[in-house]
Amino acid sequence: MLLFQNGNLKVRKLEKKDNYLLARWLSNPSVLEFYEGRDNPFDLDKVNKVFYDSEDDEFKCIVEFDGNEIGYIQFYLLDDETKKEYGYFDENIYGTDQFIGEVEYWNRGIGTFLVTSMVKFLIEHKKADRVIMDPQIRNARAIKCYQKCGFKKVKILPKNELHEGVYQDCWLIEYQL
């Protein structure tokens, strides 16, 4: 099911047959350095458990560019507990997580195009008041991409994410209308 298209970029709902793509991407050390951790590779069983068997509230999608499946993006409505933790209140706030799994598509502006397109989709179709992310502070390339898309740093979330055996500080960043 196609969620949206912007030129040669398509975002569609994750399908069962995509499990092999996720297993390939999430076993690549270059991808894992920034997403999940090189000490946490995924095989098909783990992909099936994490992406297909869980009852979470994330809307999981595959990213296509020029007809090629190149990455993954998910979005979710923040629950009240998370809003309170981050200092938000009654607004309609969505979070996203994404990665480009095909490394040859890195540094070509596609990530910026993807994030900008997703923000537009969430504002227009999900009536988002804000969109947030929490990249690790050390992920300078991702943060630069998100800032190009209009995201602003809000605050540091200390020891927010376990990555390769160490709790990493993350930035809470937001796109606000």
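Here the structure is a predicted model, which is why all the values come from computation and not from measurement.
For the pair Arg141 and Phe34, the cation-pi criterion (under 6.0 Å, within 45° of the ring axis) is fulfilled. No cation-pi contact links Lys126 to Phe75, judged by a cut-off of 6.0 Å to the six-membered ring centre and 45° from its axis.
Counting heavy atoms from C-beta on, the side chains of Tyr94 and Asp129 never come closer than 4.5 Å. In this structure, the side chains of Phe151 and Met133 come closer than 4.5 Å at one or more pairs of heavy atoms. Side-chain contact between Arg138 and His163 is present, with at least one heavy-atom pair separated by less than 4.5 Å. Residues Leu14 and Phe59 fail the side-chain proximity criterion, which asks for heavy atoms closer than 4.5 Å. Side-chain contact between Trp171 and Ile156 is present, with at least one heavy-atom pair separated by less than 4.5 Å. With a 4.5 Å cut-off on side-chain heavy atoms, Leu22 and Tyr72 count as touching. At least one side-chain heavy atom of Phe99 sits under 4.5 Å from a side-chain heavy atom of Leu26. In this structure the side chain of Val115 reaches within 4.5 angstrom of the side chain of Gln98, judged on heavy atoms.
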inquiry  = For a side chain to side chain contact (heavy atoms under 4.5 Å, CB included) check, start with the C-alpha distance between Ile132 and Ile173, then their side-chain angles and the critical distance, and finish with the verdict.
reply    = CA-CA 6 Å; Ile132 66 156; Ile173 62 172; over 6 Å; no
key: Stepwise side chain to side chain contact (heavy atoms under 4.5 Å, CB included) test for Tyr52 and Asp18   = CA-CA 10 Å; Tyr52 296 94; Asp18 298 321; 3.7 Å; yes
request  = List the steps and the verdict of side chain to side chain contact (heavy atoms under 4.5 Å, CB included) for Leu122 and Thr96.
outcome  = CA-CA 10 Å; Leu122 291 173; Thr96 72; 3.7 Å; yes
message = side chain to side chain contact (heavy atoms under 4.5 Å, CB included) for Glu64 and Ile70? Distances and angles first, verdict last.
response = CA-CA 6 Å; Glu64 296 180 10; Ile70 65 159; over 6 Å; no
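At a cut-off of 3.5 Å, with distance as the only test, a side-chain donor of Asp66 or Asn8 sits close to an acceptor on the other residue. Between the side chains of Tyr76 and Gln74, no donor N or O sits under 3.5 Å from an acceptor N or O. A side-chain N or O of Tyr88 and one of Glu174 form a donor-acceptor pair less than 3.5 Å apart. A side-chain donor-acceptor contact under 3.5 Å links Asn48 and Lys16. There is a side-chain donor-acceptor pair under 3.5 Å between Asn68 and Tyr105.
Of all heavy-atom pairs spanning Ile100 and Val31, the tightest one is O-CG2, 4.1 Å. Of all heavy-atom pairs between Leu32 and Asn40, the closest is CD2-O, 4.0 Å. Scanning both residues, Phe42 and Phe51, for their nearest heavy atoms gives CE2-CE1, 3.9 Å. Contact record, Asp169 with Pro158: OD1-CA, 3.3 Å, taken as the closest heavy-atom pair. Contact between Ser117 and Phe4 at its shortest, heavy atoms only, is CB-CE1, 3.6 Å. Across all non-hydrogen atoms, the minimal contact from Glu69 to Glu102 is O-CG, 3.6 Å.
A donor-acceptor contact shorter than 3.5 Å is absent between the side chain of Asp134 and the backbone of Cys170. The backbone N or O of Leu44 sits nowhere less than 3.5 Å from a side-chain atom of Asn19 that would complete a donor-acceptor pair. The backbone N or O of Arg38 sits less than 3.5 Å from a side-chain atom of Glu164, completing a donor-acceptor pair. Using a distance-only test at 3.5 Å, with no hydrogens or angles considered, no donor-acceptor pair links the side chain of Asn6 to the main chain of Leu9. The backbone N or O of Glu91 lies less than 3.5 Å from a partner atom in the side chain of Lys83, making a donor-acceptor pair.
At a threshold of 4.5 Å between side-chain heavy atoms, the hydrophobic network of Ile, Leu, Val, Met, Phe, Trp and Tyr places Tyr20 and Ile62 in one connected group. Following chains of ILVMFWY side-chain contacts shorter than 4.5 Å, one can reach Tyr35 starting from Val63, so the two form part of one hydrophobic cluster. Cluster membership for Val47 and Val50, using ILVMFWY side-chain heavy atoms within less than 4.5 angstrom, is shared. Using a 4.5 Å cut-off between side-chain heavy atoms of Ile, Leu, Val, Met, Phe, Trp and Tyr, with links allowed through other members, Trp25 and Val11 fall into the same hydrophobic cluster. There is a path of hydrophobic side-chain contacts, each under 4.5 Å, that joins Leu114 to Trp106.
Put simply, CG on Leu77 and OG1 on Thr82 are 10.0 Å apart, with the number rounded to the nearest 0.5 Å. Separation of atoms NZ (Lys152) and OH (Tyr175) is listed at 9.0 Å; rounding is to 0.5 Å. Considering CD1 of Ile143 and CD of Gln136, their distance stands at 9.0 Å, rounded to 0.5 Å. Atom CG in Asp79 sits 12.0 Å away from atom NZ in Lys84 (nearest 0.5 Å). One distance of note links NZ of Lys10 with CG of Leu2; it measures 6.5 Å at 0.5 Å rounding. Distance check, rounded to the nearest 0.5 Å: SG of Cys61 to CE of Met1 gives 7.5 Å.
No more than 12 heavy atoms of other residues, nucleotides or ligands shown are found within 6.0 angstrom of CG on Asp90. Surrounding CD of Glu104 are more than 12 heavy atoms belonging to other residues, nucleotides or ligands, all under 6.0 Å away.
Salt-bridge check for Glu15 with Arg12: passed, with a basic side-chain N closer than 4.0 Å to an acidic carboxylate O.
Between Phe113 and Phe65, the ring planes lie perpendicular to each other; the angle is over 60°, past the 30° to 60° tilted range.
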